[in-house]
There are 2 protein chains.
Amino acid sequence: MPAQPARGDLVPSSVLGLLGTRGPLSRAQIARELAISPATVTQTTKALLARGLVRELDQVPSLGGRPARLLGLVSTGLGAIGAKVTADHVAVVHVALDGSVDRSSVHPFDPDAPDALDALGNLLRAAVRDYEGQLLGVGVGIPGAVDGQASGSVEAPTLGWSEAPVGRSLRAALGVPVLVENDVNTLAVAERVYGIGREHGSYLVATIGRGIGCGIVIDGALYRGAFGGAGEIGHIPMSVDGPECACGSRGCLEAHIGQAALERTAVERRVIGEGAGVEALHAAADAGDAVAAEVLAEAGAMLGRALAGVVHTLDPEVVVMLGEGISAWRHWEAGFAPSFRRHLMPSRRGTSYLIDSWDEDKWALGAAALVLASPFDQTGATGDQGSLVRERLHAATGQA
Amino acid sequence: MPAQPARGDLVPSSVLGLLGTRGPLSRAQIARELAISPATVTQTTKALLARGLVRELDQVPSLGGRPARLLGLVSTGLGAIGAKVTADHVAVVHVALDGSVDRSSVHPFDPDAPDALDALGNLLRAAVRDYEGQLLGVGVGIPGAVDGQASGSVEAPTLGWSEAPVGRSLRAALGVPVLVENDVNTLAVAERVYGIGREHGSYLVATIGRGIGCGIVIDGALYRGAFGGAGEIGHIPMSVDGPECACGSRGCLEAHIGQAALERTAVERRVIGEGAGVEALHAAADAGDAVAAEVLAEAGAMLGRALAGVVHTLDPEVVVMLGEGISAWRHWEAGFAPSFRRHLMPSRRGTSYLIDSWDEDKWALGAAALVLASPFDQTGATGDQGSLVRERLHAATGQA
DNA sequence: GTGGCTTTATTTAGTCCCAAAGTATCTATC
DNA sequence: GATAGATACTTTGGGACTAAATAAAGCCAC
């Protein structure tokens with residue numbers, strides 16, 4: 001009769017998950033990393049060794065004491081599938097435990113179609129079939145609010161979805177655990193497992209792209225808000241009578257510096273032609289167009305002002321910048337850096353921000369990280385689907 | 001060898017704390033309230049009954065089953081002392097477990113004096129002496145950032161304090177557990193124990209007063225931020241080149257609608273005379289002065305805009321308004337209500353706000369609530385001082 | 001080299017809390 | 001007034017995790 005039966009046996013899963021995502025570690029390292037006692041690690045790893053899920057590797061040169069013995073996962077090939085849904089396509093990747101992408105694809109997608117959820121299911125079924133028995137689960141990133149990662153019901157105006165039962169539908173279609181989450185939050189979770197989260201417990205992940213978003217991680221746990229809608233910084237009001245926003249409000253940050261707003265401004269200032277995209281704006285700025293650079297710097301300045309407010313509210317250790325718009329960060333930064341600093345109280349000016357690398361797979365990779373991070377979920381946010389992932393981790397390891 | 005030794009025996013303390021703050025409850029209610037199993041409640045209460053800390057009261061009319069037997073705390077007279085430090089005085093209250101204030105006093109105080117901490121200690125020592133053996137601890141609310149409730153080192157520009165060892169100093173002077181926290185956060189903790197926290201797990205407490213502040217409670221736990229500075233919404237930038245703020249930045253919310261800013265605006269618009277306080281402004285508005293009402297309504301509108309941003313960022317269940325400025329809320333609300341709604345995304349417009357009652361003791365009462373809430377602290381945020389409070393709760397109960 | 005010192009891992013004894021199953025005592029209904 | 005159903009509480013038997021003590025195995029200094 002386990003103490004936390006609903007959450008499954010958490011420690012063994014965390015150990016497996018940790019070894020999978022970080023590579024071989026000593027028992028002492030595991031204990032420190034998971035904040036559990038060395039005794040528990042010994043107990044747990046003993047069982048895992050006996051079951052053949054883990055094996056003892058070489059010793060490690062000692063640091064003035066008994067040398068550590070590294071433990072490594074036995075199996076190879078385990079992984080998860082991540083999918084990012086947008087208004088016109090779905091990006092799908094398969095990611096190994098260590099975070100490496102070993103296959104990625106993009107599929108056209110029409111979220112407005114009446115059978116959109118079925119189409120999404122079919123599309124993913126093909127990917128799932130290829131990894132039979134080696135798959136921990138499927139993570140899905142959605143541009144919208146997800147009521148609970150576990151239930152996976154989605155409110156996504158961008159896609160025209162309201163109370164869409166994404167989680168339930170995909171679970172039925174795929175027969176594997178499915179975790180659904182807001183797309184920006186998936187990036188925050190990915191940072192938790194593979195990025196800044198290894199060094200910091202509390203951080204923000206701000207994204208620049210079609211919209212402006214923010215993922216909030218507090219003490220290692222994703223903060224979702226009461227209704228799964230936390231981090232909607234794109235709709236922080238930045239002006240009293242600003243431009244109309246797609247959300248129905250006015251003067252939202254996103255209405256000022258979202259992709260559409262940037263394009264509109266650039267057209268007005270004759271930097272790019274009518275109908276040209278934000279890429280043209282980036283190109284012009286890169287080519288030395290002063291007005292183009294100015295448009296981006298102004299956007300950066302406003303972002304800095306908005307993020308200063310968020311930092312005052314949340315007091316994070318660090319802010320990570322991400323998103324497809326990050327490729328033009330050089331130009332944003334000219335406005336961002338002074339503005340961010342200037343609008344922070346002096347005592348908060350030490351708050352650092354850093355720019356993570358970006359590529360097109362990152363959204364889908366983040367979605368996969370949802371699954372790969374679920375062994376560490378101590379808060380129960382991943383619910384029964386998280387438990388299923390942990391079961392699969394136990395079952396699948398060691399079969400190779 | 002307890003499982004959570006650093007936190008002391010948590011369940012017995014929570015039970016005692018719950019019975020103290022809520023009055024008699026049945027075992028089943030306790031189990032539901034603390035989210036622990038009925039079996040554990042039986043075990044725990046058995047021990048507490050045996051030790052004479054708790055006694056069985058009358059039965060309660062059944063609701064279609066075996067009637068519940070109420071359990072009540074044996075002792076009476078237990079309580080905590082709360083102190084609120086400001087730039088010119090210290091308010092001190094003694095609060096019984098059930099939240100009732102049974103003595104309150106105000107003392108002049110000069111935070112700039114070189115021996116300010118000693119003076120504070122002396123001042124509190126007198127209060128502590130009167131409650132020998134009946135005191136769980138002392139809570140102190142400070143207008144500034146506290147690095148850790150446990151350590152109690154304070155950064156408070158308003159008081160001219162930097163890295164002031166408030167916690168350490170008072171502990172030495174008083175010989176009882178001392179918990180130090182940002183003043184707004186103490187109000188949030190008080191709401192947790194005696195107010196909105198009984199119905200909601202995640203909420204914001206926004207304060208209108210000398211400054212503008214915000215306490216954040218997430219899933220029943222106070223969110224302090226990485227460096228204890230979360231909730232500084234008074235310094236959210238509301239304009240690019242706004243008025244200078246005391247914090248050194250410009251255009252902060254507080255520089256627009258803090259008490260000093262309101263007074264300045266009111267003088268400029270000739271509502272009140274030079275040197276008159278915000279009370280005069282309130283009086284004028286109450287008396288029907290349209291310009292005075294307008295000043296307050298404009299402030300309300302800006303507050304609404306700022307809080308809309310915070311709600312987008314945090315997605316709370318509800319927002320509670322508090323603070324000495326709340327007496328004029330009628331006038332603020334004229335601007336606040338439409339602005340708050342207007343600047344929220346449609347999906348967030350259901351977020352409700354409510355106005356709590358206010359009196360002068362509330363700040364100090366909040367500080368006392370720090371102590372009275374520490375039995376429930378599951379996160380370890382109250383540290384060793386919290387453990388000491390729990391020990392005292394065990395020791396002091398049942399002696400009467 | 002030999003005794004400290006450090007770090008790692010294991011063993012032991014014990015605490016905390018829980019699930020499941022059983023008991024108690026009431027209301028509702030026929 | 002039995003029987004069913006609901007709600008409250010207890011008992012029992014573990015499982016998970018821990019602290020403390022112990023063992024193991026290296027480094028360092030003299």
Side-chain angles (χ1 to χ4, degrees), chain A residues 1-16 19 24-50 54-72 375 378 380 387 390 394, chain B residues 1-16 18-19 24-50 54-72 375-376 378 380 387 390 394:
Chain A
M1 288 118 199
Q4 303 92 351
R7 310 221 269 273
D9 46 352
L10 205 57
V11 169
S13 309
S14 316
V15 171
L16 290 174
L19 292 178
L25 295 171
S26 75
R27 290 174 180 80
Q29 283 176 305
I30 294 172
R32 282 191 296 264
E33 204 67 46
L34 298 176
I36 57 181
S37 78
T40 305
V41 176
T42 293
Q43 301 280 3
T44 306
T45 54
K46 196 190 290 177
L48 295 175
L49 282 163
V54 151
R55 78 162 180 278
E56 209 155 67
L57 306 173
D58 354 343
Q59 294 196 175
V60 135
S62 119
L63 314 89
R66 172 173 171 174
R69 254 157 319 190
L70 290 182
L71 298 174
Q378 311 226 352
S387 304
R390 289 192 281 275
H394 272 89
Chain B
M1 290 117 203
Q4 301 93 351
R7 312 220 269 272
D9 47 351
L10 205 56
V11 169
S13 308
S14 315
V15 171
L16 290 175
L18 192 67
L19 292 178
L25 295 171
S26 75
R27 292 176 180 78
Q29 283 175 304
I30 293 172
R32 282 191 296 265
E33 204 67 46
L34 298 177
I36 57 181
S37 78
T40 304
V41 175
T42 293
Q43 302 281 2
T44 305
T45 54
K46 196 190 290 176
L48 295 175
L49 282 163
V54 150
R55 78 162 179 276
E56 211 155 65
L57 307 172
D58 354 343
Q59 293 197 176
V60 134
S62 122
L63 317 89
R66 171 174 172 175
R69 254 158 319 189
L70 289 183
L71 298 174
F376 309 117
Q378 311 225 350
S387 304
R390 290 193 282 274
H394 273 87

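Reminder, nothing fancy here: chain letters follow the sequence lines and each chain counts from 1. Quick caveat, the model's predicted, so the values are computed rather than measured.
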Handout entry: Bending between helix ends of the helix from C:dG1-D:dC30 to C:dC30-D:dG1 [5 pairs per end, 10° resolution]
Key =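 The end axes of the helix from C:dG1-D:dC30 to C:dC30-D:dG1 are about 0° apart, to the nearest 10°.
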Exercise for the section: Send over the distance from B:Leu10 CG to C:dC16 P, rounded to a whole Å. Expected result: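 Going from CG in B:Leu10 over to P in C:dC16 covers 11 Å.
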Exercise for the section: Write down the distance between CZ (B:Arg27) and P (D:dA8), rounded to a whole number of angstrom. Expected result: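 Atom CZ in B:Arg27 sits about 12 Å away from atom P in D:dA8.
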Handout entry: Qualifying residues under salt bridge (Lys or Arg N to Asp or Glu O under 4.0 Å), relative to B:Arg66, sequence neighbours excluded
Key = none
Exercise for the section: Can you sort out the partners of A:Arg69 under salt bridge (Lys or Arg N to Asp or Glu O under 4.0 Å), two or more places apart, ordered by chain and number? Expected result: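 Listed in chain order: nothing, the list is empty.
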Does the side chain of [X] reach to within under 4.5 Å of the side chain of [Y], using non-hydrogen atoms?
{"X": "B:Thr45", "Y": "B:Val54", "result": "no"}
{"X": "B:Leu10", "Y": "B:Arg390", "result": "yes"}
{"X": "B:Leu34", "Y": "B:Val11", "result": "no"}
{"X": "B:Val41", "Y": "B:Val15", "result": "no"}
{"X": "A:Ser13", "Y": "A:His394", "result": "yes"}

Picking from [options], which would you name as closest to the side chain of [X]?
{"X": "B:Gln43", "options": "C:dC17, D:dT11, C:dA9", "answer": "D:dT11"}
{"X": "A:Thr40", "options": "C:dT10, D:dT10, D:dT18", "answer": "D:dT18"}
{"X": "A:Ala39", "options": "C:dC18, D:dT18, D:dT10", "answer": "D:dT18"}

Smallest separation among heavy atoms of [X] and [Y], with atom names:
{"X": "B:Pro375", "Y": "B:Ser14", "value": "O-OG, 3.4 Å"}
{"X": "B:Pro12", "Y": "B:Thr44", "value": "CA-CG2, 3.6 Å"}
{"X": "B:Arg27", "Y": "B:Leu71", "value": "CG-CD1, 3.6 Å"}

Problem - Those residues that, when tested against A:Ser26, pass side-chain contact (heavy atoms from CB on, under 4.5 Å) (two or more places apart) - result: A:Ala28, A:Gln29, A:Ala68, A:Leu70
Does the side chain of [X] get closer than 4.0 angstrom to OP1 or OP2 of [N] through an N or O atom?
{"X": "B:Lys46", "N": "D:dC9", "result": "no"}
{"X": "B:Ser26", "N": "D:dC9", "result": "yes"}
{"X": "A:Thr42", "N": "C:dT10", "result": "yes"}

Practice task
List in numerical order all residues of residues 29-37 of chain B for which some heavy atom is under 4.0 Å away from an atom belonging to DNA chain D.
Solution key: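 Result for residues 29-37 of chain B: B:Arg32, sorted by number.
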Under 3.5 Å, N/O pairs linking protein and nucleotides 23-25 of chain D:
from	atom 1	to	atom 2	distance (Å)
D:dA24	O4'	A:Arg66	NH1	3.4
D:dA25	N3	A:Arg66	N	3.2

